[in-house]
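Chain letters run A, B, ... following the sequence lines, proteins first and then strands; every chain starts at 1.
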Amino acid sequence: MAQKPSIPKGTRDFSPTEVAKRNYIFSTIKQVFETFGFQPIETPSFENSDTLMGKYGEEGDRLIFKILNSGDYLNKVDESFLKDKDSLKVTSKISEKALRYDLTVPFARYVVQHQNEIEFPFKRYQMQPVWRADRPQKGRFREFYQCDADVVGSKGLWQEVEFVQLYDAVFNKLKLEGVTIKLNNRKILAGIAEIIGEKDKLIDFTVALDKLDKIGANGVIKEMQEKGISEKAIEKVQPLFSFNGTNLEKQDQLQEMLSNSEEGLQGVTDLRFVVNTIETLGLKSSKLTIDVTLARGLNYYTGAIYEVSAPEGVNMGSIGGGGRYDDLTGIFGLKDMSGVGISFGLDRIYLVLEELNLFNEVDLPKPKVLFVNFGEVEALYCMKALAELRKNNIKSELYPDSAKMKKQMNYANRRDIPFVVIVGTNEIANKKFTLKNMQTGEQQLCSLEELLKITIQH
RNA sequence: GUGGUUGUAGCUCAGCUGGUUAGAGCGCCGGAUUGUGGUUCCGGAGGUCGCCGGUUCGAACCCGGUCUUCCACCCCA
């Protein structure tokens with residue numbers, strides 16, 4: 001055999017079974033999105049580079065897949081850039097398009113571009129693949145799907161409450177118990193940075209804090225020191241390292257800690273509203289907890305920050321995340337348009353459901369009835385019955401060749417088709433069908449009406 | 001981008017300190033069995049040992065590079 005073909009690193013093929021399971025997740029999320037009032041949009045898989053570049057930080061730019069220009073692209077590049085091996089400058093000359101890195105930035109672009117056709121507040125959902133030139137590892141791929149729901153044009157906190165409910169509704173539908181929805185607020189983080197006198201190091205400070213459960217308090221202190229955060233400031237942050245208790249206790253502690261920061265207090269008020277409303281209304285199967293170390297995600301979050309972690313015992317990064325971004329469309333020239341949204345990581349949810357064996361209910365689109373093919377006359381007789389079965393939405397097929405019986409039975413057996421219909425000269429003469437149940441091995445002679453009745457019931 | 005790890009038949013894997021013709025199980029194809037699958041028995045096909053180069057009389061095995069897998073870091077869904 002010739003050299004086996006392959007697919008690029010971090011991409012995957014999906015078998016019929018896998019597609020069925022993925023579609024089950026897709027349709028569940030989609031259904032919940034729609035019941036919450038969101039409408040779908042789609043955007044191109046690639047955008048102009050300047051739409052994407054610079055929106056995800058330096059690290060993000062590195063991870064964006066760039067698309068080479070067509071034609072003799074090197075011809076137009078300045079000799080000196082090539083000589084200097086200046087990748088950055090050469091890249092911008094030879095590539096003007098790039099693959100979508102997430103769904104939020106293209107959505108912001110969409111809103112700005114279509115602002116006159118959109119009815120605000122605009123609630124849209126979008127389920128499409130995104131690409132990142134990352135190094136693959138567990139639950140991390142270079143091509144994966146995000147399922148996003150966002151609202152733009154409203155600052156209302158009710159929407160933030162609804163997103164928590166939406167997460168809960170989806171996981172409840174998927175029968176995924178024990179998911180933790182973590183909630184934080186960027187204003188609280190900003191307030192803390194202000195209180196400790198490190199306002200300009202907000203990002204470094206939050207990134208380090210975010211690693212608390214992974215590298216522990218000492219690790220966080222070490223990273224903060226490396227980033228040049230003062231000892232005094234680190235001292236003041238100490239209470240956060242052992243921050244626990246109920247959501248209510250956490251709110252009170254934060255309130256006290258941030259009493260001298262207007263912004264911080266606003267964050268506590270917002271957080272309080274969402275958490276208390278959810279506690280009044282209740283959740284079906286997820287838990288909501290305040291997590292002040294939660295800082296991950298994109299730099300553009302300005303208010304609420306969500307992150308969803310898999311149930312305890314499942315080793316998987318976050319399976320969803322989101323937050324509020326007041327200035328998102330600002331980068332494309334539309335001011336004062338607040339947005340808030342969440343995202344589901346389909347591929348990771350898949351892995352979690354697989355690990356917990358929660359795919360039992362997925363109905364594979366495999367045929368229920370196979371007609372054995374004995375030849376032209378018999379096949380024609382079968383085709384007439386097939387039309388009736390299909391009219392009744394019974395997945396059924398005729399074996400395409402008049403092959404040996406053993407081969408046809410074997411095919412039905414391996415594909416786990418529950419019924420086989422055998423039609424030969426006897427059956428045709430009597431206007432009947434021999435219906436064989438492949439599980440029990442029983443078979444009976446029956447009319448078309450009986451055949452329909454049995455297969456519909458099954 | 002950094003560090004580690006993996007690659008032998010369709011699949012899961014053996015393969016000795018480097019030594020003839022690289023093996024097993026499962027699967028696949030054919031037959032026993034011309035209208036009856038799953039079980040059994042018999043037979044068969046299938047491999048440039050990821051790729052390129054080097055060392056050697058000789059490389060699946062040693063060395064270098066490269067691609068790929070998985071894992072950790074960075075970052076993230």
Side-chain angles (χ1 to χ4, degrees), chain A residues 1-12 25 29 56-64 87 100-104 127-148 167 203 206-208 210-211 214-215 219 223 294-299 306-310 315-323 341-352 370-375 378 399 402-428 434-443 445:
Chain A
M1 189 179 21
Q3 183 61 41
K4 258 183 261 174
S6 63
I7 54 175
K9 177 178 13 182
T11 65
R12 296 147 300 156
I25 303 173
I29 295 174
Y56 310 102
E58 207 177 309
E59 180 77 7
D61 282 357
R62 189 172 64 75
L63 298 177
I64 291 173
S87 299
R100 183 167 57 214
Y101 177 88
D102 74 352
L103 300 178
T104 309
M127 307 198 293
Q128 289 189 278
V130 302
W131 295 269
R132 296 184 187 177
D134 212 347
R135 206 178 271 202
Q137 55 176 283
K138 186 172 187 185
R140 178 179 295 192
F141 309 98
R142 301 178 101 180
E143 176 182 63
F144 62 97
Y145 272 78
Q146 289 191 330
C147 308
D148 279 30
Y167 267 135
I203 300 286
T206 51
V207 167
D210 187 69
K211 293 177 191 162
K214 207 167 179 178
I215 59 179
E223 179 158 338
L294 179 59
R296 282 163 81 180
L298 306 169
N299 304 332
Y306 302 98
E307 182 169 302
V308 182
S309 50
N315 178 25
M316 181 66 59
S318 59
I319 57 176
I342 57 169
S343 180
F344 290 84
L346 176 108
D347 304 81
R348 288 188 178 176
I349 291 172
Y350 181 100
L351 291 171
V352 171
L370 174 79
F371 283 73
V372 170
N373 187 337
F374 280 147
E378 292 88 345
Y399 193 87
S402 165
K404 279 184 190 165
M405 183 76 158
K406 179 183 169 115
K407 191 165 182 175
Q408 302 193 40
M409 292 299 285
N410 230 323
Y411 173 83
N413 191 50
R414 273 204 304 272
R415 289 188 70 197
D416 209 18
I417 296 173
F419 290 103
V420 167
V421 174
I422 299 158
V423 170
T425 41
N426 278 345
E427 284 85 355
I428 295 178
T434 294
L435 176 66
K436 173 160 181 154
N437 181 322
M438 292 296 278
Q439 271 128 49
T440 62
E442 289 164 10
Q443 60 186 59
L445 197 66

Test item: A/Gln408 side-chain N/O and A/Ala403 main-chain N/O as donor-acceptor pair under 3.5 Å: yes

Indicate, with a heavy-atom threshold strictly under 4.0 Å, whether [X] touches base, sugar-phosphate, or nothing.
X: A/Gly60; answer: nothing
X: A/Ser318; answer: sugar-phosphate
X: A/Gln439; answer: base

Pairs under 3.5 Å (N/O, protein and nucleotides 69-74 of chain B):
from: B/rU69; atom 1: OP1; to: A/Gly10; atom 2: N; distance (Å): 3.4
from: B/rC71; atom 1: OP2; to: A/Lys138; atom 2: N; distance (Å): 2.4
from: B/rA72; atom 1: OP2; to: A/Gln137; atom 2: OE1; distance (Å): 2.8
from: B/rC73; atom 1: OP1; to: A/Lys214; atom 2: NZ; distance (Å): 3.1
from: B/rC74; atom 1: OP1; to: A/Lys211; atom 2: NZ; distance (Å): 3.3
from: B/rC74; atom 1: N4; to: A/Gln137; atom 2: NE2; distance (Å): 3.4
from: B/rC74; atom 1: N4; to: A/Arg140; atom 2: NH1; distance (Å): 2.6
from: B/rC74; atom 1: N4; to: A/Arg140; atom 2: NH2; distance (Å): 3.1

Taking only the C1' atom of each, what is the distance from B/rG18 to B/rC75 in whole angstrom?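 Going atom to atom, C1' in each nucleotide, I get 44 Å.
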
Can you name the side chain to side chain contact (heavy atoms under 4.5 Å, CB included) partners of A/Lys211, sequence neighbours left out?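 A/Lys211: side chain to side chain contact (heavy atoms under 4.5 Å, CB included) contacts with A/Val207, A/Ile215, A/Glu223.
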
For a quick check, tell me whether the side chain of A/Asn410 and the base of B/rG37 share a donor-acceptor pair closer than 3.5 Å.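 Donor-acceptor pair under 3.5 Å: no.
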
Quick tally for nucleotides 30-36 of chain B: nucleotides whose base has a protein heavy atom under 4.0 Å get B, sugar-phosphate-only ones S, the rest -, giving -S---BB

What is the pairing partner of B/rU40, taking Watson-Crick or G-U wobble pairs with both distances under 3.5 Å in any strand?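 Pair assignment: B/rU40 / B/rA32.
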
Who is the Watson-Crick or G-U wobble partner of B/rG25, with both distances under 3.5 Å?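 Pair assignment: B/rG25 / B/rC11.
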
By nearest heavy atom, map A/Asp347 and A/Ala133 onto RNA chain B; which one lands nearer the 5' end? A/Ala133

Heavy atoms of other groups near A/Gln439 CD, more than 12 under 6.0 Å: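 More than 12 within 6.0 Å, yes.
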
